[in-house]
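Excluded from the calculations below are hydrogen atoms, water molecules and symmetry mates; all remaining heavy atoms, backbone and side chain alike, are included. Every value quoted in this text rests on a predicted model; they were computed, and no experiment measured them. A note on names: the letters A, B, ... follow the listed sequences, proteins ahead of strands, and every chain is numbered from 1.
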Amino acid sequence: MTKKRLYLELENCIGCRSCLAACTQCGGHEERNRNYVYDVNPLVNRQTMPLMCLHCVNPACARSCPAQAIQIHETGAVLSALVEKCIGCQNCTIACPYGIPKFDTEQNLMYKCDLCIDRTKDGIPPMCASVCPSNTLQWLTDEEIENKKQQFNLDNGKWVTSLPYLEGETNVKVNLPGILQGVTKLF
Amino acid sequence: MQRDKFFKEIENVRHPNETLVKTHCSYCGMQCGMNLRVNTVTNKIIGVEPRYDWPVTVGKMCPKGVTAYQQTNHDDRILKPLIRDDASLKGTKEGFREASWEEAYELIAKKFTELQKQYGKDTLSVFSGVSMTNEKCYLTGKFARVALGTRYIDYNGRFCMSSAAGGFLRSFGVDRGSTLPWTDIHETDCLFIAGSNTAECHPTSMFRVWNVQERGGYIIVADPRETPIARRADVHLDLKPGTDLALANGILNLLIQNGYADEEFVNQHTNGFEETKELVKEFTPEYTSELTGVAPEKIIRAAEIYGKAPNAVVMFARGIEQQHKGVDNVSGYTNMALVTGKIGRPKSGVATFTGQGNGQGGREHGQKSDLLPGYRKITNPEHVREVCQVWGITPEEMPEPGVSAYEMFELMEEKTIRGLYLLCSNPAVSAPNLNFVRKALKGLDFMVCADFYLSESAEFADVVLPSVTWSEDEGTVTNLEGRIIKINKAQEPLGESKPDWQIQVELAERLGKGKYFSHLKTAKDVADEFRLASKGGYADYYGATWDKIDKQDGVFWPCKDENDQGTPHMFLDKKFYHPDGKAKICALPYRPPAEEPDEKYPLRLTTGRVVYHYLSGNQTRRIPFLRDMCPEPFVEVHPETAAKYKMDHEERVRLFTRRGEAIYKVKITEAIRKDTVFVPYHFGHEQSINLLTIAALDPISRMPEYKACAAQLEKVEKAEMKKVQ
């Protein structure tokens with residue numbers, strides 16, 4: 001089985017929030033969605049973007065957890081807090097540079113994206129990428145991601161990113177600055 | 001069938017005590033493939049799992065699709081027939097009592113018989129819909145004409161697809177919504193998309209749409225609003241609502257003037273070119289710009305891209321069709337493909353985004369006032385004779401053609417129609433000029449509504465019959481490509497609910513017409529009779545057996561016999577369906593919208609969908625996720641316009657037209673023209689935007705002009721606001 005990753009092409013987002021609806025459908029998710037879709041500038045235009053857990057290689061949420069409740073799966077997925085270990089301190093929600101972990105005040109429990117681990121451990125795409133109608137969220141091999149990078153040159157003289165990675169290396173890949181700047185027109 | 005590059009062989013997750021039933025979504029014409037998760041202990045639908053192996057949508061679903069399964073076991077389901085004895089409560093939810101099927105059938109049979117005895121056969125009417133299987137659509141036509149014997153049957157496709165049908169019939173001589181399969185779309189070089197908010201209304205087309213751009217192709221979008229697809233388009237033609245025909249003529253003129261016409265194709269396969277060329281000469285970029293409000297350079301650029309593209313697809317939807325010149329708009333944009341010869345080959349063609357799940361199939365098989373199964377005409381004696389043979393009636397018994405959907409309400413108002421059997425539709429929200437329509441419904445002597453929820457229209461009924469959701473019955477649906485697909489049953493009907501075909505068979509028996517209906521004991525029985533009834537018509541489904549649909553991932557009509565695999569691409573032989581085999585390039589003089597802005601009503605009102613809701617919202621407004629995402633309608637206003645009216649974001653304001661008014665929250669956005677306001681149409685009661693819309697009908701399709709009328713905004717005084725809240 002070739003390893004596949006979640007890959008985000010942000011410009012494709014149409015704001016349908018199907019990823020959020022689908023997130024609630026994953027077996028282990030207790031019908032609560034674990035990610036975000038933002039209206040980037042709602043009074044101006046319809047641009048939206050998803051904010052998904054990027055599953056950091058060295059995740060700040062897990063490092064900040066005093067109870068070691070956040071485990072990292074062998075596939076690299078950073079799991080949701082273990083119910084029996086989480087002490088509800090919310091360190092993780094502050095530590096995460098992307099604001100991913102959510103907090104259930106009633107249960108005093110953190111919950112976050114686990115990359116649909118019961119699907120992805122067997123190579124089945126997570127629910128969000130399965131349903132995403134616009135291909136904003138895709139489930140690709142490293143080779144496919146590399147091909148995209150070459151097609152859509154990251155540094156075209158106009159657009160550069162400050163780092164090769166976002167806040168450190170992540171298992172989920174994001175295309176920055178984007179597919180629209182680098183494309184060569186057919187005619 | 002060639003598998004496109006998105007097609008993936010992915011396994012599904014298997015949970016213990018669960019089985020997956022492969023089927024399709026209940027909502028729009030995309031008919032996305034999905035698996036319903038069914039608990040094998042309770043035999044109830046409990047969730048959804050992507051259907052990766054469906055070639056059109058490869059597992060993708062919009063938020064409506066993901067949550068569609070929640071309709072089936074919803075608390076709002078009607079579980080038993082409801083009867084209301086106090087007619088003074090019509091128009092409210094009050095006064096219904098539960099009854100047995102027997103009592104409900106007896107009452108309906110008695111009332112229908114009395115009305116027909118006193119006022120004649122045609123005093124009854126059937127108002128239907130196309131969010132149901134071909135089998136149900138077919139039987140509804142037979143039920144009206146054979147069991148009730150009335151001429152008055154029509155359906156909500158008049159609010160949805162009838163302009164596309166009219167335009168295609170005129171241009172091609174055949175009405176198949178797409179001349180090519182959706183699996184071609186991402187491989188074309190240019191998409192010209194007019195009046196379609198594709199990202200919200202047909203989201204699962206978007207991965208193919210974006211792929212055109214990713215490959216270096218172009219997207220051109222004509223829309224008064226900067227919708228999510230328009231935002232990323234290479235050219236956004238931001239036209240005034242209701243001016244599409246001018247834009248189509250303007251672009252056609254440039255295509256001809258700049259040498260993009262395919263003379264050989266035009267000469268050999270079309271009629272009407274010279275006349276059309278003469279007519280569109282007037283539509284220079286400057287004149288077109290004056291009429292449409294689109295900058296001339298954008299029009300020139302759009303024509304250049306479409307003209308140069310080796311392959312291109314012209315696509316459109318309700319934005320151009322829901323106008324009182326909707327048929328002309330369809331033929332007008334179709335002209336672009338015919339003049340340039342970009343049709344009748346893979347990766348090029350014309351397509352409409354069908355709004356309702358079975359908007360295509362449902363209009364072909366005899367629910368329309370003038371049509372019989374197989375797209376036969378009720379005015380053609382030969383066609384009538386063919387259908388009579390299947391139905392077992394004599395041609396003399398076949399009723400005359402009736403009138404269109406909106407015109408039926410006019411006949412109710414003048415008491416020509418006194419009884420109504422309504423199914424699969426919610427015209428108390430979806431019809432235009434609702435103050436009039438609701439009054440007409442309230443004035444009926446007797447009304448039956450079959451639905452699985454108590455819709456706003458059911459509130460006007462004397463008897464409500466519990467029908468089933470799509471997941472509790474089986475049958476075929478024809479998706480927006482013209483591909484006949486199979487809906488499968490995942491659960492037994494909830495409570496005492498029954499499929500519409502069964503209700504109609506049983507009711508026909510009570511009306512003394514059992515000999516024409518009693519042999520139909522299963523959905524499959526209806527399917528077999530329906531295939532036979534369509535045989536020989538040009539929408540021929542005879543060869544589309546359920547087995548073949550399963551084996552081939554659907555069958556594109558026409559499909560004439562067992563050996564016919566169907567017709568994914570239309571016109572590959574360059575033969576069109578007019579008697580001379582040629583397509584018609586139409587010379588179409590421009591007409592403005594029926595109601596233009598003036599001093600008193602200076603704004604243009606247009607309506608449409610949001611991604612979270614479907615049609616009248618009777619289904620989606622009950623689904624928690626969808627309701628939370630969009631709980632109420634809003635009016636989109638440009639910031640400059642809002643400033644002129646001194647209105648703030650989220651302030652409640654009154655929007656009104658000559659026909660009605662409603663109060664909406666303001667949504668300020670630069671993604672709309674300054675002269676235009678937009679309101680979504682999915683909401684009921686006092687928030688229905690159709691209280692305001694105009695019933696100006698297209699002369700051919702009888703489609704109302706939902707997409708353009710004149711309106712005015714005003715602030716709501718604080719004292720009054722308190723009263724409203």
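Chain A forms more heavy-atom pairs under 4.5 Å with one residue of B:Gly47, B:Ser205, B:Pro310, B:Gly217 than with any other, namely B:Gly217. Across B:Ile229, B:Asp189, B:Ile672, the residue that shares the most heavy-atom pairs under 4.5 angstrom with chain A is B:Asp189. Listed options B:Gly65, B:Cys190, B:Cys32, B:Ala199 were ranked by heavy-atom pairs under 4.5 angstrom with chain A; first place goes to B:Ala199. Ranked by heavy-atom pairs shorter than 4.5 Å toward chain B, the options A:Met127, A:Gln138, A:Gln25, A:Lys185 are led by A:Lys185. Heavy-atom pairs under 4.5 Å with chain A were tallied for B:Ala309, B:Pro639, B:Gly216; the largest tally goes to B:Gly216. Here B:Lys308 is the residue among B:Lys308, B:Met34, B:His15, B:Arg37 with the most heavy-atom pairs under 4.5 Å with chain A.
Taking all atoms of both residues into account, the shortest heavy-atom contact from A:Ile14 to B:Pro203 is CD1-CB, 4.1 Å. Heavy-atom minimum distance, A:Pro125 versus B:Tyr52: CG-OH, 3.6 Å. In terms of heavy atoms, A:Asp118 sits closest to B:Val13 at O-CG2, 4.3 Å.
Using a 4.5 Å cut-off on side-chain heavy atoms (C-beta onward), A:Val183 and B:Arg215 make no contact. A:Arg17 has its side chain within reach of B:Tyr612: a pair of non-hydrogen atoms, C-beta onward, lies under 4.5 Å apart. Looking at B:Pro63 and A:Leu20, their side chains never come closer than 4.5 Å, going by heavy atoms from C-beta outward. With a 4.5 Å cut-off on side-chain heavy atoms, B:Phe625 and A:Glu31 do not count as touching. For the pair A:Asn135/B:Lys60, a side-chain contact is recorded, criterion being any heavy-atom separation below 4.5 Å from C-beta on. Within the 4.5 Å cutoff, the side chain of B:Phe207 has no heavy atoms near those of the A:Asn12 side chain.
Of the two parts of A:Thr184, only the backbone, made up of N, CA, C and O, holds a non-hydrogen atom closer than 4.5 Å to a non-hydrogen atom of chain B. With a 4.5 Å cut-off on non-hydrogen atoms, B:Met629 touches chain A through its side chain but not through its backbone. Residue contact with chain A, scored on non-hydrogen atoms closer than 4.5 Å, involves the backbone and the side chain of B:Glu226 alike. Using a 4.5 Å cut-off between heavy atoms, B:Ala230 does not touch chain A at all. Contacts between B:Gln70 and chain A at a heavy-atom distance below 4.5 Å involve the side chain alone, from C-beta outward.
Sparse packing is recorded around CD of A:Glu143, with 12 or fewer heavy atoms of other residues, nucleotides or ligands lying under 6.0 Å away. Around the CD atom of B:Glu11, the shell of radius 6.0 Å holds no more than 12 heavy atoms that belong to other residues, nucleotides or ligands.
Between the side chain of A:Ser18 and the backbone N or O of B:Met61, at least one donor-acceptor pair lies under 3.5 Å.
For the atom pair CZ (B:Arg208) and OG (A:Ser134), the distance works out to 13.5 Å, reported to the nearest 0.5 Å. A distance of 6.5 Å separates CZ in A:Phe187 from CD1 in B:Ile305, rounded to the nearest 0.5 Å. Atom CG in A:Asp122 sits 12.5 Å away from atom CD1 in B:Ile10 (nearest 0.5 Å).
The only member of B:Val66, B:Thr204, B:Thr57 that meets side-chain contact (heavy atoms from CB on, under 4.5 Å) when paired with A:Val131 is B:Val66.
Taking 4.5 Å as the heavy-atom cut-off, the residues of residues 41-49 of chain A that approach chain B are A:Pro42, A:Leu43, A:Val44, A:Asn45, A:Arg46, A:Gln47, ordered by number.
By the 4.0 Å N-to-carboxylate-O rule, A:Arg119 lies close enough to B:Glu49 to be salt-bridged with it.
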